[in-house]
Amino acid sequence: MPFADDGRDPLERYSRQMRFGPLGEEGQRRLRSSRVTICGCGALGTVLANHLVRAGVGFVRVVDRDFIETHNLQRQILFDEEDVASNLPKAEAAARKLRAINSEVVVEAVVADIDHTNILELVSDVDLILDGTDNFETRYLINDAAVKLGKPWIFGGVIGSEGQTMTIRPGLTPCLRCVIETSPPPGMTPTCETAGVLGPAVAVVASFEAVEAIKLLAGKLEALNTELIMIDVWDWAFRRLKIAALKDRVDCPTCKHRTFEWLDGKQGSHTTTLCGRNAVQVAAPRGHRLDFAELAARLSGAGEVRHNAFMLRFAADGYEFTVFPDGRAIIKGTNDVAKARTLYAQYVGN
Amino acid sequence: MPTVQIPTPLRPHAGGLDVVEAEGATVGAVLEAVVSKHPALRERLFEGGELRRFVNVYVNNEDIRFLEDLETPVGERDEISIIPAIAGG
């Protein structure tokens with residue numbers, strides 16, 4: 001029976017949290033009437049969603065483009081082996097777990113690649129955007145949307161044993177682009193694949209993000225972080241880099257000049273190398289949904305094909321393709337974007 | 001001598017060190033001394049004489065962009081940090 005129907009005070013389940021003085025009952029009530037979008041439901045996103053649903057944030061939307069694989073389980077805390085066997089999308093599997101954890105919270109699963117065509121729709125009806133992504137392309141896109149809408153968002157990133165986070169309130173703090181003007185080009189920076197990643201490192205960074213979210217949603221604005229936090233769980237390092245003074249002192253194209261290059265689709269490719277997976281995503285939006293039965297029939301001569309309502313998977317030439325109804329594909333077995341485009345054209349067709 | 005904190009991704013190009021000591025009166029001079037000792041770092045930090053746009057440098061936890069950039073004076077006990085943008089998650 002849903003908790004709210006058993007005749008007890010619906011706030012009772014949050015009693016230990018409300019007893020924490022700086023939050024209190026008033027803060028808890030604010031959390032219950034708050035709405036968030038979590039962009040990405042991998043390592044950071046699952047920890048974020050877990051914390052916020054347990055804490056009683058009223059509405060949680062989780063957006064992710066991906067499916068669960070066995071090597072995710074080391075750090076993506078909402079998933080288990082059954083989810084891998086069921087070929088569930090991450091957003092859907094996460095939503096099922098989250099609803100079981102707290103049936104009071106409205107959890108919305110969106111299986112989609114966040115891009116400039118859909119981001120405003122995904123974030124315009126929430127109070128806060130949370131970063132659970134694994135790449136700067138999507139983060140700059142989130143930053144554009146957040147600045148344009150004047151909506152707060154919380155950035156987090158992790159590799160190996162270290163991570164960083166900052167809380168961005170457009171107009172009040174520097175934005176992501178003020179602080180990190182541009183991301184390193186491919187090959188100049190490690191990925192989860194080359195450097196690995198520790199589950200606890202992700203959990204620590206996502207937990208810092210979650211605390212900031214709770215403060216922000218509960219209206220405890222004076223307690224918010226105004227610095228770029230750097231954490232290394234292996235070296236016991238914790239640093240607070242002073243960035244508040246960057247606001248207005250940087251000639252920021254995004255928050256000073258209000259040019260939104262990612263949101264306008266001028267920046268950002270339609271292919272993405274996926275962190276840590278020897279895989280490339282090819283996004284080829286088309287006006288209609290793919291007919292999997294037809295595609296499977298076409299591909300059956302080329303390799304092994306199977307499909308369900310959410311995806312079609314087939315292997316050929318040492319590559320594994322996961323194709324989604326909207327025409328997007330993840331091609332495993334290469335990091336080469338051009339090769340992936342060619343494979344997509346060869347097997348799926350443009 | 002001022003110290004320079006080397007972030008994990010760059011340590012393989014700095015003989016595995018996490019901290020490098022180097023002489024210099026400004027951030028630019030200290031970093032130049034560091035890349036002279038560890039030439040593999042040069043192209044990762046500099047393009048021409050300028051810091052690469054994705055390289056963020058802090059002195060005692062303050063961004064040099066709102067100090068005096070590479071001309072920021074440093075003393076014996078100052079700590080310079082190269083802060084990478086961390087992509088994963």
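In the text below, chain A, chain B and the rest are named by the order of the sequence lines, each starting its count at 1.
For B:Glu50, the CD atom sits in a loose shell: 12 or fewer heavy atoms of surrounding residues, nucleotides or ligands are nearer than 6.0 Å.
Residue contact with chain B, scored on non-hydrogen atoms closer than 4.5 Å, involves the side chain of A:Arg139 exclusively. Only the backbone of A:Thr133 comes within less than 4.5 Å of a heavy atom of chain B; no side-chain atom from C-beta onward does. Contact of A:Val205 with chain B is not made at all, since no heavy-atom distance falls under 4.5 Å. Neither the backbone nor the side chain of A:Asp131 comes within less than 4.5 Å of any heavy atom in chain B.
When A:Gly132, A:Gly157, A:Gly156 are compared by the number of non-hydrogen pairs under 4.5 Å with chain B, A:Gly157 comes out ahead.
The OH atom of B:Tyr58 lies 9.0 Å from the CE atom of A:Met230; values are rounded to the nearest 0.5 Å. Summarising the geometry, atom CG belonging to A:Asp134 is positioned 14.0 Å from atom CD1 belonging to B:Ile86; distances are rounded to the nearest 0.5 Å. Atom CG of A:Leu246 and atom CG of B:Asp63 lie 4.5 Å apart (nearest 0.5 Å). Atoms CG and NZ, on B:Asn60 and A:Lys242 in that order, are 7.5 Å from each other to the nearest 0.5 Å.
Using modelled atom types, one finds a donor on one side chain and an acceptor on the other under 3.5 Å when comparing B:Asn61 with A:Arg239.
The shortest side-chain heavy-atom distance between B:Ile83 and A:Leu241 falls under the 4.5 Å cut-off. A heavy-atom distance below 4.5 Å is found between the side chains of B:Thr8 and A:Asp232.
One N or O on the side chain of A:Gln164 and one on the backbone of B:Pro84 form a donor-acceptor pair closer than 3.5 Å. Between the side chain of B:Arg65 and the main chain of A:Cys178, a donor-acceptor pair closer than 3.5 Å is present.
Pairing each heavy atom of A:Phe136 with each of B:Ala87, the nearest pair is CE1-CA, 3.5 Å. Residue B:Arg11 comes nearest to A:Asp235 through the heavy atom pair NH1-OD2, 3.8 Å, listed as atom of the first residue, atom of the second, then distance.
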